[in-house]
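The next block holds one structure in the form of structure tokens; read it before the comments.
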Amino acid sequence: MKKIATYEGLSFEEQEPLLIASLFQDTGIAKLYMGHEYIGAANALEFLKMHHYPIEKIEVVIKCILATQIPQKPKSMAEKIMCDADLAYLAGPNAYEKSLALQKEWGLFLGSRQMDEEWKLQHLNFFENHYFFSRYGKSVLEANRIIDITPLEKSAI
């Protein structure tokens, strides 16, 4: 998150709500898997109001958390950075292994029992059709995503 925000030229003050949003983003998973962003946003709102965080910054935090819901549709630069950070694993060196971990996670939380081949094809489709939003995402993450798609493509054949 911080790396992308810095690359995009955000000041520390502009980065602060993003960093807070990243802390609360997935806190809703403990109660609800699909749609957990709404609970994470509510958790952030409650906590930040209790600590008298400025309302205009709370709004940024909430919008950033909600922007990560799939399909992602960020509007502001902060939301674009949040979305890119959320799915940066797609451009990481272990994207394939993380996709397998996500398959297990879906099995635990959603009762999803997709066969390996069905999962690989679904995730490959997501992987191929995802795009990044920030300049960093488009230049750095996208380049790595293209390189790292090969193991997933080979395993789906």
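- When all heavy atoms are compared, the tightest approach of K138 to F133 is CE-O, 3.4 Å.
- I20 and M50 fall within a single hydrophobic cluster, where Ile, Leu, Val, Met, Phe, Trp and Tyr side chains are chained together by heavy-atom contacts under 4.5 Å.
- Of the residues listed (I65, I62, L66, N43), the one engaging Y38 in a side-chain contact (heavy atoms from CB on, under 4.5 Å) is L66, and it is the only one.
- Side-chain contact between K3 and Y136 is present, with heavy atoms from C-beta onward closer than 4.5 Å.
- Within the structure, side chain to side chain donor-acceptor pair (under 3.5 Å) pairs that include any residue of residues 54-64 comprise E16-K57 (at least two apart or interchain).
- Taking each heavy atom of Q69 and G35 in turn, the nearest pair found is NE2-CA, 4.0 Å.
- In this structure, the separation between NE2 on H36 and CD1 on I29 is 4.0 Å, given to the nearest 0.5 Å.
- Connection of L87 to I81 is established within a shared hydrophobic cluster, with ILVMFWY side chains joined at heavy-atom distances below 4.5 Å, either directly or through further cluster members.
- Scored by the ring pair (Phe, Tyr, Trp, His ring centres under 6.0 Å) test, Y53 finds no partners at all (sequence neighbours excluded).
- The structure places CE of M1 at 7.0 Å from CD of Q25, a figure rounded to the nearest 0.5 Å.
- Expressed to the nearest 0.5 Å, how far CE of M77 lies from SG of C64 amounts to 11.5 Å.
- Proximity of I4 to V140: side-chain heavy atoms (C-beta onward) are nowhere separated by under 4.5 Å.
- How far NZ of K2 is from CG of L10: 10.0 Å, rounded to the nearest 0.5 Å.
- Follow the hydrophobic side-chain contacts under 4.5 Å out from L45 and you reach L23 in the same cluster.
- Among all heavy-atom pairs drawn from G137 and D84, the shortest one is CA-OD2, 3.6 Å.
- In plain terms, the two heavy atoms of V61 and P17 that are nearest each other are CG2-O, 3.4 Å.
- With sequence neighbours excluded, no residue forms a side chain to side chain donor-acceptor pair (under 3.5 Å) with S22.
- In terms of heavy-atom proximity, G40 sits nearest to T27 at CA-OG1, 3.4 Å.
- Taking CG of L18 as the start and CD of E79 as the end, the distance is 9.5 Å to the nearest 0.5 Å.
- Both L19 and M82 are members of a single hydrophobic cluster when ILVMFWY side chains are connected at heavy-atom separations under 4.5 Å.
- Between the CG atom in D86 and the CD atom in E37 there is a gap of 8.0 Å [rounded to 0.5 Å].
- Inspection of the Y7 and S139 side chains reveals an N or O donor paired with an N or O acceptor under 3.5 Å.
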